[in-house]
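All residue numbers refer to positions in the sequence shown, counting from 1.
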Amino acid sequence: MSPTAATPAGPPTGIATGVGSMPGVDPRAAADVVAGEVALMHLPELPDRGPGADMIGRCAALLVDMPMDIGNHGYRFAGGGSALGRRARDMLRADLDALEEVWETRGLGGPDSWVKMQVCGPFTAAAGIELANGHKVVADRGAWGDVVGSLTEGIVTQVRELTRRLGARVVVQLDEPSLDRVIDGTVRPLSRFDTVPAIPAAVVAEHLSGLCDAVATPVVLHHCGQTFPWAVVAQTPLWGVSLDLTPRGDGRLPTADLDGLGETIESGVAVMAGVVPGVGPATLPSSDAVADRVVGIVDTIGLDHSALTGSFLVTPSCGLSGATGDRAAAALALCTSAAAQLPHR
């Protein structure tokens, strides 16, 4: 963690939450499922609604003075106001209205209440959006720097809006699935004549640290790719990290992840452990098996079992937009039942 900035205290650990996306197109129904199944409610994302509702498209509702539109290869910055921006803002407003309604109906407020919101991280946004000239934003340092600043301003506004509506404290989850490719310089260019230079982990951390300082609320870095950016985590004042920890291959975590997890937990950073498969086998594992997965990780790292409730939250492996409605609800319920077992292990 950065030695120059304090990390705000976050919500309780030893509980369950979702990663972000949910199936379907009804924000009220999605919010009701989330509220009914996990202790740390999150603002559901519904990418099935189309452009402006997916991870990068939602940036059109948050970026300040950087209008987006749909280009030939995906999203592109536009010269003026755009229909995409209006659509994204309308959908976000509907999401907030639905969340507020469910929050009030279920009586979820209180002095210790928390809610989690998810936003596309600035570097993944820069890797997925084109400039007006057709080049990736991430290839232009000035352009991606503008994205960091603009998105930071939008996140601050969104945190204030959630706090005003719900009276709750807010955790901000930055979804950065492209961050490893940004750091490695392997973001795919739009043509073989383009170059997309690598952005060093220290530079990424410097800009994300500025974002964390500006939002002044707990920030979680979510990455569900193969190579978790531990070097960034070590240099950024994060409250937590979120990653896929479901068994794959031989069922063992890579050494880099074990080392990264150990150092992260020892530095006081929480882990949102993605140990429940969101999609895949028709039958979900038992809550015993899920809790055993978390215990096995703690034992392999060599941590005291107090870390099970002091450092971990239980989540699906990633977003649930690819699941059926019943499967999504069952996955979230399983996260909660597994988290309930951790104090007894």
Asker: Quick check on the hydrophobic clustering: are Leu221 and Trp239 connected, directly or via other members, by side-chain heavy-atom contacts under 4.5 Å?
Answerer: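 No, Leu221 and Trp239 fall in different hydrophobic clusters.
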
Asker: With hydrophobic residues grouped by side-chain heavy-atom distances under 4.5 Å, do Leu166 and Trp114 end up in a single group?
Answerer: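 No, separate clusters.
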
Asker: Test your reading of the model: is there a side-chain donor-acceptor pair from Gln173 to the backbone of Val19, 3.5 Å cut-off?
Answerer: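 Yes; at least one donor-acceptor contact below 3.5 Å.
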
Asker: Taking Asp48 as the fixed residue, which of Asp54, Asp26, Val25 is the one that meets the side-chain contact (heavy atoms from CB on, under 4.5 Å) rule?
Answerer: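 Answer after filtering Asp54, Asp26, Val25: Val25.
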
Asker: With a 4.0 Å cut-off, would you call Arg93 and Asp90 a salt bridge?
Answerer: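 Between Asp90 and Arg93 there is a salt bridge, with a charged N closer than 4.0 Å to a carboxylate O.
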
Asker: Please say yes or no: joined through hydrophobic side-chain contacts below 4.5 Å, possibly via intermediate residues, are Val279 and Val34 part of one cluster?
Answerer: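 Each belongs to a different hydrophobic cluster.
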
Asker: Hydrophobic clusters here meaning ILVMFWY residues chained together by side-chain heavy-atom distances under 4.5 Å, can you tell me if Ile56 and Val172 are in one?
Answerer: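 Both belong to a single hydrophobic cluster.
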
Asker: Do Arg169 and Thr217 come within less than 4.5 Å of each other through their side chains, counting heavy atoms only?
Answerer: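 They are not in side-chain contact.
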
Asker: Got more than 12 heavy atoms from elsewhere within 6.0 Å of CG, Asp326?
Answerer: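 No.
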
Asker: Assign the ring pair Phe123 / His207 to parallel, tilted or perpendicular, where the plane angle (0 to 90°) is split at 30° and 60°.
Answerer: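 Perpendicular.
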
Asker: Once rounded to the nearest 0.5 Å, what's the spacing between atom OG1 of Thr264 and atom CG of Leu238?
Answerer: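 Separation between the atoms: 8.5 Å.
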
Asker: Ser317 side chain to Gly274 main-chain N or O, any donor-acceptor pair under 3.5 Å?
Answerer: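 The answer is no, because no donor-acceptor pair under 3.5 Å joins these two groups.
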
Asker: Under a plain distance cut-off of 3.5 Å, with no hydrogens placed, do Gln341 and Ser287 share a side-chain donor-acceptor pair?
Answerer: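 Yes.
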
Asker: Can you spot which of Asp304, Asp288, Asp299 makes a salt bridge (Lys or Arg N to Asp or Glu O under 4.0 Å) with Arg345?
Answerer: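 Between Arg345 and the candidates, salt bridge (Lys or Arg N to Asp or Glu O under 4.0 Å) is satisfied uniquely by Asp288.
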
Asker: Nearest 0.5 Å please: distance from the CG atom of Leu99 over to the CG atom of Leu43.
Answerer: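 Result: 5.5 Å between the selected atoms.
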
Asker: Do Met272 and Leu243 share a hydrophobic cluster (ILVMFWY, side-chain heavy atoms under 4.5 Å, transitive)?
Answerer: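 Looking at the clustering, Leu243 is in a separate group from Met272.
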
Asker: Please tell me if the side chains of Arg327 and Pro277 come closer than 4.5 Å, counting only heavy atoms from C-beta onward.
Answerer: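 Result yes, sub-4.5 Å side-chain heavy-atom pair found.
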
Asker: I'd like to know if the side chain of Tyr75 and the backbone of Pro51 have a donor-acceptor N/O pair within less than 3.5 Å.
Answerer: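 Absent.
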
Asker: Heavy atoms only: give me the nearest Ala214-Val156 pair and the separation to one decimal.
Answerer: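 The answer is O-CG2, 3.8 Å.
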
Asker: Among Val147, Asp146, Asp69, which residue meets the side-chain contact (heavy atoms from CB on, under 4.5 Å) test with Phe77?
Answerer: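 Single pass found, and it is Val147.
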
Asker: Heavy-atom distance under 4.5 Å between the side chains of Trp230 and Asp259, does that happen here?
Answerer: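 Result no, sub-4.5 Å side-chain heavy-atom pair not found.
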
Asker: Determine, stepwise, if the pair His305 / Val295 fulfils side chain to side chain contact (heavy atoms under 4.5 Å, CB included).
Answerer: CA-CA 8 Å; His305 277 205; Val295 172; 3.9 Å; yes

Asker: Can Asp32 and Arg28 be counted as an ion pair, charged N to O under 4.0 angstrom?
Answerer: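 Counted as a salt bridge, because a side-chain N and a carboxylate O are separated by less than 4.0 Å.
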
Asker: Look at the side chain of Lys116 and the backbone N and O of Gly18, then say whether any donor-acceptor pair between them is shorter than 3.5 Å.
Answerer: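 Pair found, side chain donor or acceptor close to backbone of Gly18.
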
Asker: Does Thr124 reach the main-chain N or O of Ser178 with its side chain, forming a donor-acceptor pair under 3.5 Å?
Answerer: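 Yes, because the side chain of Thr124 sits within donor-acceptor range (under 3.5 Å) of the backbone of Ser178.
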
Asker: In the structure I gave you, are the side-chain heavy atoms of Val219 and Cys212 within less than 4.5 Å of one another anywhere?
Answerer: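 Counting from C-beta outward, Val219 and Cys212 do come under 4.5 Å.
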
Asker: Check whether any side-chain heavy atom of Ser311 lies under 4.5 Å from a side-chain heavy atom of Thr13, and answer yes or no.
Answerer: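 They are not in contact (no side-chain heavy atoms under 4.5 Å apart), so the answer is no.
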
Asker: Test Met68 against Ile129 for side chain to side chain contact (heavy atoms under 4.5 Å, CB included), laying out the working first.
Answerer: CA-CA 9 Å; Met68 284 169 54; Ile129 303 172; 3.8 Å; yes

Asker: Is the backbone of Gly149 close enough, under 3.5 Å, to the side chain of Glu153 for a donor and an acceptor to pair up by distance?
Answerer: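 A pair under 3.5 Å: no.
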
Asker: Do side-chain atoms of Lys136 reach the backbone of Thr195 as a donor and acceptor pair under 3.5 angstrom?
Answerer: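 Not confirmed, Lys136 side chain does not pair with Thr195 backbone.
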
Asker: Within the side chain of Arg58, is there an N or O that forms a donor-acceptor pair under 3.5 Å with the backbone of Leu92?
Answerer: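 Answer holds: no.
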
Asker: Under the side chain to side chain contact (heavy atoms under 4.5 Å, CB included) rule, what do Val220 and Leu174 come out as? Steps first, then yes or no, please.
Answerer: CA-CA 6 Å; Val220 174; Leu174 296 179; over 6 Å; no

Asker: Just wondering, do Val204 and Pro229 contact through their side chains at under 4.5 Å, heavy atoms?
Answerer: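 A side-chain contact under 4.5 Å is absent here.
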
Asker: Could you tell me the separation between the NE2 atom of His222 and the CD atom of Glu176, rounded to the nearest 0.5 Å?
Answerer: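 Atom-to-atom, His222:NE2 and Glu176:CD are 10.5 Å apart.
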
Asker: Before you tell me yes or no, could you show the steps for Val271 and Ile297 under side chain to side chain contact (heavy atoms under 4.5 Å, CB included), namely the whole-Å CA-CA distance, both residues' side-chain angles and the distance that decides it to 0.1 Å?
Answerer: CA-CA 12 Å; Val271 176; Ile297 292 168; over 6 Å; no

Asker: Rounded to the nearest 0.5 Å, how far apart are CD of Glu45 and CG of Asp95?
Answerer: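 If I round to the nearest 0.5 Å, the distance is 8.5 Å.
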
Asker: I need the Thr186 OG1 to Arg181 CZ distance, nearest 0.5 Å.
Answerer: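 Taking OG1 in Thr186 and CZ in Arg181, the distance rounds to 6.5 Å.
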
Asker: Quick one: CG on Leu62 to CD on Gln158, what's the gap to the nearest 0.5 Å?
Answerer: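 The distance works out to 5.5 Å.
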
